[in-house]
Amino acid sequence: MTTTMKFRLSVSFMLLSLSLSSQVQLAHVQSSDQSSQSANLINDSGLDMELQAASRFLSHASLGWDIEDIKWVADNGIEDWLDQQMSLPSSNYAVPTIDVIEYLYDACISNLGVEECRMRFNVNRTMFRYVWWNNIVNGSDRLRQRVALALSEILVLSDESALVNFPHGVAHYFDILMEGALGNYEELLLDITLNPSMGFYLSHINNPRSNEELNIHPDENYAREIMQLFTIGLYELNEDGSRKLDSEGIWIDSYDNNDIKELAKVFTGLSGSKWADVSNQRPVEFGRNFARYSLLDPMKMYQEWHEDGPKIIIGDKLIQDSDGMRELEEAIAHLARHENTAPFISKQLIQKLVKSNPSPEYVQRVARIFKDNGSAQYGDMKAVVKAIFMDQEAMECYWYGDPDNGMLKSPVNRMTQMLIALKAESANGTYWNPALIFNGFMDQHPMSSPTVFNFYRPDYVPNSDFAYQQLVGPEFQILNSSTSSNYINYMLLALMGDYLNGRYGIRLPHLINEYSLIPYISDQEAFKAELTDPLWMDLAYSPSDLLDYLDILLVNGMLDETTKESIVESIQPDSLLDAPDKSYYALFMIMIHPDFLILK
């Protein structure tokens with residue numbers, strides 16, 4: 001990232017923290033001379049380089065880690081961590097989401113009564129969010145979660161639609177992404193194509209064959225998006241992700257409107273395979289409202305509603321079979337194995353996991369693994385994921401100094417990293433977060449994209465500085481004057497809220513998990529999450545060690561020395577902050593600093 005961009009972030013993100021600094025100096029609190037335990041993070045020449053490398057790797061390969069994870073990777077190696085993670089079963093989302101709905105409904109009846117609850121109980125997106133955040137904070141399958149979140153921003157389905165009231169459907173879709181994250185990409189494409197929530201979102205559920213007399217034609221929405229966003233992209237690509245040029249130096253379209261029309265015919269005839277109401281004994285029928293179907297079972301083909309006849313799709317591929325499902329599977333396989341798909345998907349995965357501007361050579365190396373994992377298997381996601389994280393461009397220290405290297409962490413990634421690193425816990429052992437304030441402040445939440453194009457485009461160019469250097473910065477698309485100040489305010493309330501409440505006698509919302517917004521229950525306090533890392537709290541008595549600890553934990557040991565010295569100075573014994581407030585203040589200052597926000 002350029003110096004100019006980093007400076008602009010610094011100015012924006014430090015304003016409120018400087019204001020807070022002046023406020024906390026007014027507090028008169030006794031300092032402590034208690035000694036802290038050693039963090040064992042430094043050697044004779046500074047921060048432990050093996051721990052730095054482990055922390056940097058984990059910042060790519062997971063949504064959060066703690067000091068024990070860093071030490072494990074440093075002791076055992078990156079490949080062993082990847083292999084261990086790949087052996088873990090996937091966290092589940094759909095069944096726990098249904099359990100949450102039932103739990104809250106029972107609580108509603110218990111606390112409000114049957115009649116009142118019938119009027120007030122509302123099934124909505126937060127019920128999936130409770131499960132998502134709980135799995136992220138408490139789950140062990142960190143690698144799979146990281147890749148699944150990246151896939152959710154490529155193969156987009158969003159509850160910013162009528163799906164807002166079907167959280168179990170959204171959760172089941174995320175289950176598919178979790179399995180596909182370390183599965184096979186072609187199989188993943190087929191699974192999402194047959195998912196009824198995706199069928200509703202991109203309108204290919206109940207998509208009928210043509211009827212010229214009634215002027216009915218196949219819906220083209222899914223046919224367009226599966227090509228543009230999920231497989232081949234808009235333009236023909238070289239293996240390194242660069243765009244091919246025609247004889248006049250113009251980008252070459254990878255498909256045209258006729259390709260869309262022909263492919264749309266393939267996606268006719270799909271509808272629900274089971275009723276949502278298990279007591280309904282009538283045969284399942286094509287053409288009913290999607291909410292009447294089970295959202296936990298794949299759609300099936302209704303042959304009588306499927307478009308007959310030949311279809312000529314991308315690359316003059318003939319699709320013609322008497323069985324509509326076989327036609328669909330053949331079309332999916334053709335798209336998945338198109339020469340564009342490997343570089344198109346590989347580059348986006350690198351952008352979301354490692355860096356915004358991978359070199360063409362990096363993209364090509366990963367694309368080749370996508371095409372052949374070494375055992376003639378195409379689309380092996382385990383091999384692709386390993387290739388991304390173990391590539392020299394992801395691992396070598398040389399790239400840290402490259403001004404074009406790095407990416408802006410998304411608000412979600414920042415939050416998950418902090419929660420896991422500092423061990424967020426509640427009294428009942430869960431981490432439920434409706435994330436309503438978070439979503440409102442940050443303009444981001446998993447599975448809540450405003451459109452099928454995600455929160456940010458992979459080719460987004462933030463400003464002329466980026467354009468001049470031919471760089472992109474996808475995550476900058478949701479960074480603006482509002483969200484940048486909102487982020488600082490959110491972190492201020494989340495980390496310094498208790499101090500401000502005590503100092504000024506006000507009642508600010510608890511934003512570590514927004515537990516007070518969980519409805520219907522009478523024991524909200526049992527869901528209140530706190531940051532509980534004991535070493536982080538103990539090191540408040542040794543400011544230099546505290547900053548070294550937070551540096552290796554959150555910034556991969558790359559925190560600017562001047563910044564570190566400034567924060568250390570602000571929490572010395574004569575700084576008039578008590579020990580807990582020192583830990584929170586140091587964390588706050590790091591969470592809003594560009595060295596944390598920009599992953600190098």
Side-chain angles (χ1 to χ4, degrees), residues 61 77-90 143-144 146-148 150-151 154-155 176-194 226-227 229-233 236-242 244 254-255 263 266 313-321 323 325-354 358-395:
I78 287 171
E79 189 163 15
D80 280 358
W81 185 88
L82 289 170
D83 290 338
Q84 184 263 347
Q85 283 286 307
M86 288 179 179
S87 70
L88 296 176
S90 173
L143 173 66
R144 191 185 293 269
R146 175 74 156 125
V147 179
L151 287 171
I154 300 172
L155 311 173
I176 292 174
L177 298 182
M178 287 287 286
E179 288 295 329
L182 299 177
N184 178 275
Y185 193 73
E186 182 179 325
E187 294 174 4
L188 175 59
L189 274 179
L190 180 61
D191 288 343
I192 67 168
T193 299
L194 298 179
I226 195 174
M227 289 191 291
L229 302 175
F230 302 171
T231 53
I232 66 177
E236 292 187 11
L237 301 176
N238 296 303
E239 192 177 46
D240 64 5
S242 60
K244 293 181 178 180
S254 58
Y255 61 89
L263 186 58
V266 174
I313 63 172
I314 303 297
D316 295 328
K317 170 68 175 178
L318 173 64
I319 302 288
Q320 185 173 16
D321 196 292
D323 185 290
M325 186 59 77
R326 285 199 296 266
E327 283 194 343
L328 185 147
E329 290 170 353
E330 187 176 356
I332 292 292
H334 181 65
L335 290 172
R337 294 170 182 268
H338 187 282
E339 63 178 358
N340 264 28
T341 302
F344 183 70
I345 298 300
S346 296
K347 183 175 182 179
Q348 288 193 72
L349 286 172
I350 296 170
Q351 286 183 300
K352 295 181 185 303
L353 298 171
V354 177
S359 70
E361 294 79 12
Y362 187 6
V363 174
Q364 185 174 51
R365 289 191 292 268
V366 175
R368 286 178 174 174
I369 296 297
F370 194 108
K371 292 177 179 179
D372 184 346
N373 67 351
S375 300
Q377 293 182 3
Y378 185 95
D380 177 5
M381 289 297 290
K382 285 185 178 179
V384 170
V385 166
K386 267 196 173 183
I388 289 172
F389 292 130
M390 297 190 69
D391 191 88
Q392 63 191 46
E393 198 162 320
M395 295 178 66

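These figures come from a predicted structure and were not determined experimentally.
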*asked:* What verdict does the side chain to side chain contact (heavy atoms under 4.5 Å, CB included) test give for Ile154 and Phe344, after you've listed the backbone C-alpha separation in whole Å, the side-chain angles of each residue and the deciding distance to 0.1 Å?
replied: CA-CA 11 Å; Ile154 300 172; Phe344 183 70; 5.8 Å; no
Rounded distance [0.5 Å steps], [atom1] in [X] versus [atom2] in [Y]:
{"X": "Ile192", "Y": "Ile226", "atom1": "CD1", "atom2": "CD1", "value": "6.0 Å"}
{"X": "Gln392", "Y": "Glu361", "atom1": "CD", "atom2": "CD", "value": "9.0 Å"}
{"X": "Gln348", "Y": "Leu229", "atom1": "CD", "atom2": "CG", "value": "8.0 Å"}
{"X": "Lys347", "Y": "Leu237", "atom1": "NZ", "atom2": "CG", "value": "8.5 Å"}
{"X": "Met227", "Y": "Ile314", "atom1": "CE", "atom2": "CD1", "value": "4.5 Å"}
{"X": "Asp191", "Y": "Ile332", "atom1": "CG", "atom2": "CD1", "value": "10.0 Å"}

Do the side chains of [Y] and [X] get nearer than 4.5 Å, heavy atoms only?
{"X": "Leu353", "Y": "Phe389", "answer": "yes"}
{"X": "Phe230", "Y": "Leu188", "answer": "no"}
{"X": "Lys386", "Y": "Asp83", "answer": "yes"}
{"X": "Leu349", "Y": "Val366", "answer": "no"}
{"X": "Met86", "Y": "Val385", "answer": "yes"}

*asked:* Among residues at least two apart in sequence or on other chains, which ones pass side chain to side chain donor-acceptor pair (under 3.5 Å) with Asp321?
replied: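 Listed in chain order: Arg326.
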If you take all heavy atoms of [X] and [Y], which pair is closest and at what distance?
{"X": "Ser375", "Y": "Asp372", "value": "N-OD1, 3.5 Å"}
{"X": "Pro343", "Y": "Val363", "value": "O-CG1, 4.0 Å"}
{"X": "Gln377", "Y": "Asp380", "value": "OE1-OD2, 4.1 Å"}
{"X": "Ala394", "Y": "Val354", "value": "CB-CG1, 4.0 Å"}
{"X": "Val266", "Y": "Leu328", "value": "CG1-CA, 3.5 Å"}
{"X": "Leu143", "Y": "Gln85", "value": "N-OE1, 2.9 Å"}

Answer yes or no: is there a donor N or O on one side and an acceptor on the other, between the side chain of [X] and the main chain of [Y], under 3.5 Å?
{"X": "Arg144", "Y": "Met178", "answer": "yes"}
{"X": "Asn340", "Y": "Ile232", "answer": "yes"}
{"X": "Ser254", "Y": "Gly233", "answer": "yes"}
{"X": "Glu393", "Y": "Ser359", "answer": "yes"}
{"X": "Ser346", "Y": "Ala342", "answer": "yes"}
{"X": "Asn184", "Y": "Tyr378", "answer": "yes"}
{"X": "Thr231", "Y": "Thr341", "answer": "no"}

*asked:* Show every side chain to side chain donor-acceptor pair (under 3.5 Å) that has at least one partner inside residues 362-371, sequence neighbours left out.
replied: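 Listed by first then second residue: Glu239-Gln364, Glu239-Arg368, Glu239-Lys371, Arg365-Asp391.
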*Pairs in or reaching into residues 327-341: which pass salt bridge (Lys or Arg N to Asp or Glu O under 4.0 Å), with residues at least two apart or in two chains?*
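Output for this query lists Glu186-Arg337, Lys244-Glu339, Lys311-Glu327, Lys317-Glu330.
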*asked:* Could you go through Ile176 and Leu155, starting from their C-alpha distance and side-chain angles, then the distance that decides it, and tell me whether this counts as side chain to side chain contact (heavy atoms under 4.5 Å, CB included)?
replied: CA-CA 11 Å; Ile176 292 174; Leu155 311 173; over 6 Å; no
*Pick one: which of Ile369, Ile350, Val147 meets side chain to side chain contact (heavy atoms under 4.5 Å, CB included) with Ile388?*
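Considering Ile369, Ile350, Val147, a side chain to side chain contact (heavy atoms under 4.5 Å, CB included) with Ile388 is found only for Ile350.
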